[in-house]
Number of protein chains: 2
Amino acid sequence: MSGRVTSTDVAREAGLSRATVSYVLNGDTRQTIPEATRQRVLDAAERLGYRPYGPARLLRGARSTLVLMLTPGLQHATDFVAAGIVTQLGLALREHGLHLVWQLGTEDERGASVDLAPAVVLSSAGEEEAAFTDLRQQFSVPVRPAFPGLDGFLAGAATAQVEYLAGRGRRVLAYAAPSRPELQPTSEIRWRAIRSTAERLGLPEPLLLTVPDDRAQAGRELASLLDADPAPDAVCAYNDEVAFAVLAAAHDTGVPVPGRIAVIGVDNHPLGPLAVPALSTVESDVTEFVAAFAASVAGIARGEEGAEVLLPERAQVVERAST
Amino acid sequence: MSGRVTSTDVAREAGLSRATVSYVLNGDTRQTIPEATRQRVLDAAERLGYRPYGPARLLRGARSTLVLMLTPGLQHATDFVAAGIVTQLGLALREHGLHLVWQLGTEDERGASVDLAPAVVLSSAGEEEAAFTDLRQQFSVPVRPAFPGLDGFLAGAATAQVEYLAGRGRRVLAYAAPSRPELQPTSEIRWRAIRSTAERLGLPEPLLLTVPDDRAQAGRELASLLDADPAPDAVCAYNDEVAFAVLAAAHDTGVPVPGRIAVIGVDNHPLGPLAVPALSTVESDVTEFVAAFAASVAGIARGEEGAEVLLPERAQVVERAST
DNA sequence: ACGTGCCATTGACACGTGCAAGTAGACCGC
DNA sequence: GCGGTCTACTTGCACGTGTCAATGGCACGT
């Protein structure tokens, strides 16, 4: 490379050795450096616009400040809850002097990680043990799940939905599942939590409604669901997007909400308050988790074991007009 | 570090020199290597699980494959259109052997970039010239705008809204602006485009409606807007989220859509089809842009100048029930 | 027998950094 | 006057990699 300013340049400019420059710039307390010399170095560095070259630093053995987050199958634009968590985590990690880097991961994570040399890798693929160990040996760097305790997190929201609806006197529940196949695994978790909570509370077996993408079709399916005996009086949706579809179907077919059925979603989507009627939902406070998780990751980056931190299972209901 | 497998280890394992190992692993065509030796190296590397150490490579002068995207003020969860573009760009760059890394940027971009040593930096702060040159000297790496031609892109959508509504016979337009202060600059661009297009088409001066967060309040403001003389018969919203707010306000106050006013948004939000009534919107096809931009960035990463590529100005209307 | 050309392989350097170990001079106590 | 301590530096190594230039062996033509 042509134009890189190195610490040798700074040393020459200041009329000192490279070691002295390094000591000053890194604030080494074990050395005694007179203020005059210190200023000479600082001035020279400033004048030349010196920036230490990361790769050389790492090569020398410095610990990387990078945390690499890999979320295969999760597009940035898609899951705004995950995106929110990642955003918050990035801020929290910065407090610990770490830098979160979110890579759009498909299969070829190797390439980036070679250049990145991160201190820690957080992978959402880590849930399945096979892919997990595969990653471990690919990186020779600590690999941890990106969303620890995700199953409990997902189930907790569904549990909160059912408990809330039961508390409001609803008895016959339906679960509105998404049709997209890639969501099937997480939907399955919600569905199980809804059934077991219903059973625990002594409610009849919940019904299942897979909501198609087509709006008119969704209306027909909702109508036929309401013909069941006993007819459902409440719908727990997989998330707020599915809940929007249910609300649209109800509106189109003239089903009063919450008069005939109550509808509740999950995630507290920003558009929820603007639905017709305004959508009740369920939300988990992740600020505590994010702070603890960031601290744990920082520990791992320093070579420690890192406490196990899990996403919250408890979820709060945000009550609006649809229930 | 203790456990790192280096090419020296591989060489020892294979009973060859490090140079030979390097030639084999990098597929250097200028060397003649007998198949037997080649296999010996490959086997040894495989057996030891060798992965080249990126920082050392970079130090030696290799070009980084990383493209760093900095979007201060843009949270991952917030702007799903930008997120979609970034997602697509990441995929496209991979075709060129580059890896896009999206950093949640606030002010402290330095830290990460030191560790990252990217080949190119794409910054959305680049629009203002001051911050731009500041970044340039911070990185000593090519810095380019993350969303080139953004102003034209934003204005184009607004122009398409007005042209479409005029074509459908609407004459008195209102612009629904967001209330969030950080959106004011971009909103201003849309607003200007709407007024100038209306003027060009011979429509009366459009009205301005700043949509408050509170739903009831929004209803009142819409009602009073409709009292104007001449009364508006169409609303161009800043984006689909604002359009949702307008639809909610119209529904709450009993204003028929599209009977009395037509409503059109921007962005083709995934929930748009589920609005009441389904939301018409405007969408720009960015696939062509993304492909060209990725190629340009790849050129810059190779040290070339890089062709100037701009976001599309043309936008297509997605017609639904609200117009 | 000997230069010539080819093949397979290797020794050595450079990249920029952090830091351990060394050194030259000044000052001090006896 | 001499060993010892302190200050203010510098010399030099190591990190892991890619690659130039050199080397030694072998076959071939004369």
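This one's a predicted model, so the numbers in the text were calculated from it and none came from an experiment.
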Check: Looking across every strand, which nucleic acid part, if any, lies under 4.0 Å from A/S7 by heavy atom: base, sugar-phosphate, or nothing?
Finding: sugar-phosphate
Next item on the list: State which residue, out of A/D267, A/N239, A/V286, A/V86, fulfils the side-chain contact (heavy atoms from CB on, under 4.5 Å) condition with A/V81.
Entry: A/D267
Next item on the list: Measure the distance from CG on B/D28 to P on D/dA21 and round it to the nearest whole Å.
Entry: 14 Å
Next item on the list: Indicate yes or no: at least one non-hydrogen side-chain atom of A/V309 is less than 4.5 angstrom from one of A/F289.
Entry: yes
Item checked: Whole-Å distance separating the CZ atom of B/R4 from the C1' atom of D/dA14 -> 14 Å
Next item on the list: Quickly work out the B/R18 CZ to D/dC20 P distance and round it to whole Å.
Entry: 14 Å
Next item on the list: Please round to the nearest 0.5 Å and tell me the distance separating atom CZ of B/R40 and atom CD1 of B/I33.
Entry: 11.0 Å
Checklist line | A/D9 CG to C/dT17 C1', straight-line distance once rounded to whole Å | finding: 13 Å
Note to self: Checking contacts here: which listed nucleotide (D/dT17, D/dC9, D/dT11) is nearest the side-chain heavy atoms of A/L16?
What the structure shows: D/dC9
Check: What parts of residues 30-40 of chain B reach DNA chain C, counting only heavy atoms under 4.0 Å away?
Finding: B/Q31, B/T32, B/P34, B/T37
Checklist line | Length of the CZ-P vector between A/R63 and C/dC19, whole Å | finding: 12 Å
Note to self: Can a donor-acceptor pair be found, under 3.5 Å and without considering hydrogens, that links the side chain of B/R18 to the backbone of B/S7?
What the structure shows: no
Next item on the list: Can you check whether any acceptor in the base of D/dC20 is under 3.5 Å from a donor in the side chain of B/Y23, or vice versa?
Entry: yes
Next item on the list: Whole angstrom is fine here: how far is it from CG in A/L58 over to P in C/dG16?
Entry: 15 Å
Item checked: A/S64 (side chain) donor-acceptor with A/A117 (main chain) under 3.5 angstrom -> yes
Notebook entry, point to check: Would you say A/R47 has more than 12 foreign heavy atoms packed within less than 6.0 Å of its CZ?
Noted result: yes
Margin query: Would you say that B/E308 contacts B/L310 through its side chain, given a criterion of any heavy-atom pair below 4.5 Å between the two side chains?
Written below: yes
Item checked: Any A/R57 side-chain N or O less than 4.0 Å from OP1/OP2 of C/dG16 -> no
Margin query: By the 4.0 Å heavy-atom rule, please label B/P55 as base, sugar-phosphate, or nothing.
Written below: nothing
Margin query: With a cut-off of less than 4.0 Å, is there a side-chain N or O of B/Y53 near OP1 or OP2 of C/dC15?
Written below: no
Notebook entry, point to check: In whole angstroms, how far is the P atom of D/dG16 from the CZ atom of B/R12?
Noted result: 11 Å
Margin query: In this structure, how many angstroms lie between the C1' atom of C/dG16 and the CG atom of A/N26, rounded?
Written below: 13 Å
Margin query: Both A/T20 and B/R60 contact DNA chain D. Which one's nearest nucleotide lies toward the 5' end?
Written below: A/T20
Check: Would you say a side-chain N or O of A/T6 is under 4.0 Å from OP1 or OP2 of C/dG16?
Finding: no
